[in-house]
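What follows is a short report on a single structure.
Order of the sequence lines fixes the chain letters, A, B, ..., with proteins taken first and strands second; residue numbering starts at 1 for each chain.
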There are 2 protein chains.
Amino acid sequence: MMPNRTEYEDGRIIPLTLSAQVADRLRNWVLLGDLAPGEVLVERVLSEKLGVSRTPMREALQMLGREGLIAITPNRRPRVASPGLSDILELLEVHRLVEAHGARLAAKQISQAALTDLQRLLDEMELSGTRRGELEFFELDMAFHRQIVEASGNATLIETHSHLNARLYRTRFLSTQTISGRPLMQAQHTQILEALRARDADRAQARVEEHLHQLGRNITAIFNESKQGKGTGPQPGKTS
Amino acid sequence: MMPNRTEYEDGRIIPLTLSAQVADRLRNWVLLGDLAPGEVLVERVLSEKLGVSRTPMREALQMLGREGLIAITPNRRPRVASPGLSDILELLEVHRLVEAHGARLAAKQISQAALTDLQRLLDEMELSGTRRGELEFFELDMAFHRQIVEASGNATLIETHSHLNARLYRTRFLSTQTISGRPLMQAQHTQILEALRARDADRAQARVEEHLHQLGRNITAIFNESKQGKGTGPQPGKTS
DNA sequence: TACTGTCATAGTGTATACCAAATCTGCTCA
DNA sequence: TGAGCAGATTTGGTATACACTATGACAGTA
């Protein structure tokens with residue numbers, strides 16, 4: 001996902017603490033589904049598996065808990081979060097609000113280099129959609145959205161967006177699997193980029209909103225399918 | 001602040017973990033200024049002072065770090081955050097976005113009881129403005145804003161708003177001290193409530209935006225004063 | 001004076017061991 | 001089948017130890 005092993009601070013490079021590294025690994029496991037929603041996590045087992053002591057493992061679990069990726073209840077074993085559809089739609093609404101605003105800000109000041117980069121991502125997605133694996137398409141998609149918000153230049157907005165996105169990550173990944181929706185998504189991506197190029201803040205905002213509304217519809221469809229299908233929908237168990 | 005000592009979960013009441021209790025106390029110290037911005041925190045000293053071991057203290061510090069109230073860097077002692085004006089304005093922009101959207105949602109579905117409660121808060125603020133202490137006015141103000149967002153019914157929105165607000169807490173408290181601005185603020189509060197009563201989502205959103213823009217101006221003024229005044233502006237030291 | 005390098009001290013990050021209290025699991029019995 | 005119980009697990013918290021990093025004071029140098 002993110003090749004996070006170091007961290008900046010006034011130019012010096014400081015290695016991440018062990019807790020943070022463990023959190024990174026766990027996060028990837030959750031996001032990619034190696035740890036299934038609802039699955040129970042046992043501190044000692046995990047810490048042995050990763051060869052670290054309980055202390056950094058506890059801290060890592062706390063981190064993911066605060067990010068909403070796992071549900072932590074006092075005295076109980078943590079579980080991988082498995083939000084219901086309504087939780088996800090609530091999340092998505094705020095996420096949409098934030099990202100759309102990011103696009104609005106970005107339209108006013110995005111650099112030429114960033115625009116070129118976004119175009120490159122779109123091109124690669126075009127190829128990826130037909131030829132390559134789904135994970136790659138997904139990651140390009142994520143990068144596209146992230147870069148737009150980063151172009152807003154508002155650190156708080158970027159951080160908030162990234163937190164919300166982390167919680168939606170798994171769901172969005174599943175959504176990407178449904179290849180049928182891709183052409184529409186791609187067309188919308190193009191429209192967003194056009195609006196940014198035109199420095200049209202209103203349009204950029206509207207296009208992003210539209211796009212994420214569409215995402216909401218896709219997710220709803222997937223959720224309902226898996227629910228009636230073989231009952232393998234997300235388990236109960238709250239999202240902390 | 002919040003009388004948090006217990007927590008719900010399917011009806012049973014479970015006491016907060018020690019870490020959470022410690023975090024609550026530290027948070028209050030930071031928000032009320034008992035721990036000054038930029039001040040250095042030492043794990044061992046704090047844990048002794050509160051009579052707990054390092055483990056829960058570390059967890060509490062991590063929590064506040066995530067909330068943006070203290071800045072944590074590996075191997076270094078945590079510091080109470082002391083954001084610069086630009087940081088605060090960025091925060092406020094996102095905060096405004098979230099709260100305004102909350103008001104929009106709230107307008108559509110706020111209960112009669114909640115409206116009555118908001119009116120009560122306004123009335124008390126009116127009294128408080130002339131007769132009582134400033135801390136009380138401030139807390140009523142905070143409660144007013146919080147309740148509006150809570151009326152939105154979107155848990156993610158509420159949570160995000162509360163996080164952002166926590167980071168702005170200290171600054172907003174200082175802003176409240178400037179009594180000269182109160183009549184305007186109060187008038188705006190009334191307008192917001194009127195819009196909610198009228199179930200006018202657009203107007204509610206607009207009024208909240210206006211109000212928080214005004215807050216931004218107040219904060220900017222205060223910040224500049226204190227900076228040129230006696231140089232007692234916020235210290236350097238980043239916000240994590 | 002201003003700068004640079006050294007060094008002791010202080011403080012965090014991590015490992016370990018241990019205990020109390022809560023939870024979980026499987027069994028028994030109705 | 002389901003309620004209730006007891007023992008095994010597991011977490012929350014304490015205490016301690018130690019390696020490694022950062023910090024600040026000091027001495028030496030230009």
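In this structure, the side chain of A:Ser111 engages the main chain of A:Ala114 through a donor-acceptor pair within 3.5 Å. Judged by distance alone, with hydrogens and angles left aside, the side-chain atoms of A:Thr220 form a donor-acceptor pair with the main-chain N or O of A:Gly216 at under 3.5 Å.
We find that CZ of B:Arg79 is positioned 14 Å from P of D:dA22, with the value rounded to whole Å. Atom-to-atom, CZ of A:Arg76 to C1' of D:dT9 comes out at 15 Å; the value is rounded to the nearest Å. Taking atom CG on A:Asn75 and atom P on D:dA8, their separation rounds to 20 Å, with Å as the unit. Nucleotide C:dG13 holds its P atom 11 Å from the CG atom of A:Leu18, rounded to whole Å. C:dC18 atom P lies 18 Å from atom CD of A:Glu43, rounded to whole Å. Rounded to whole angstrom, the span from the CZ atom of A:Arg77 across to the P atom of C:dA21 amounts to 21 Å. One interatomic measurement links the two molecules: CD of A:Gln21 to P of C:dT14, which rounds to 8 Å at whole-angstrom precision. Across the protein-nucleic acid pair, A:Ile14 atom CD1 and D:dC20 atom P stand 18 Å apart, rounded to whole Å.
Judged by atom type and distance alone, A:Arg58 does not reach the base of D:dG13 through any side-chain donor-acceptor pair under 3.5 Å. Judged by atom type and distance alone, B:Arg54 does not reach the base of D:dG13 through any side-chain donor-acceptor pair under 3.5 Å.
Residues A:His145 and A:Glu99 bring a donor and an acceptor atom of their side chains to less than 3.5 Å of each other.
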Structure string for DNA chain D in dot-bracket form, Watson-Crick and G-U at under 3.5 Å, | interchain: ||||||||||||||||||||||||||||||
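Between B:Pro78 and A:Ser53, the residue anchored nearer the 5' end of DNA chain C, judged by the nucleotide with its closest heavy atom, is B:Pro78.
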Any chance you could lay out the side chain to side chain donor-acceptor pair (under 3.5 Å) test for A:Glu150 and A:His161, step after step, and finish with the verdict? CA-CA 9 Å; A:Glu150 278 176 1; A:His161 179 263; over 6 Å; no
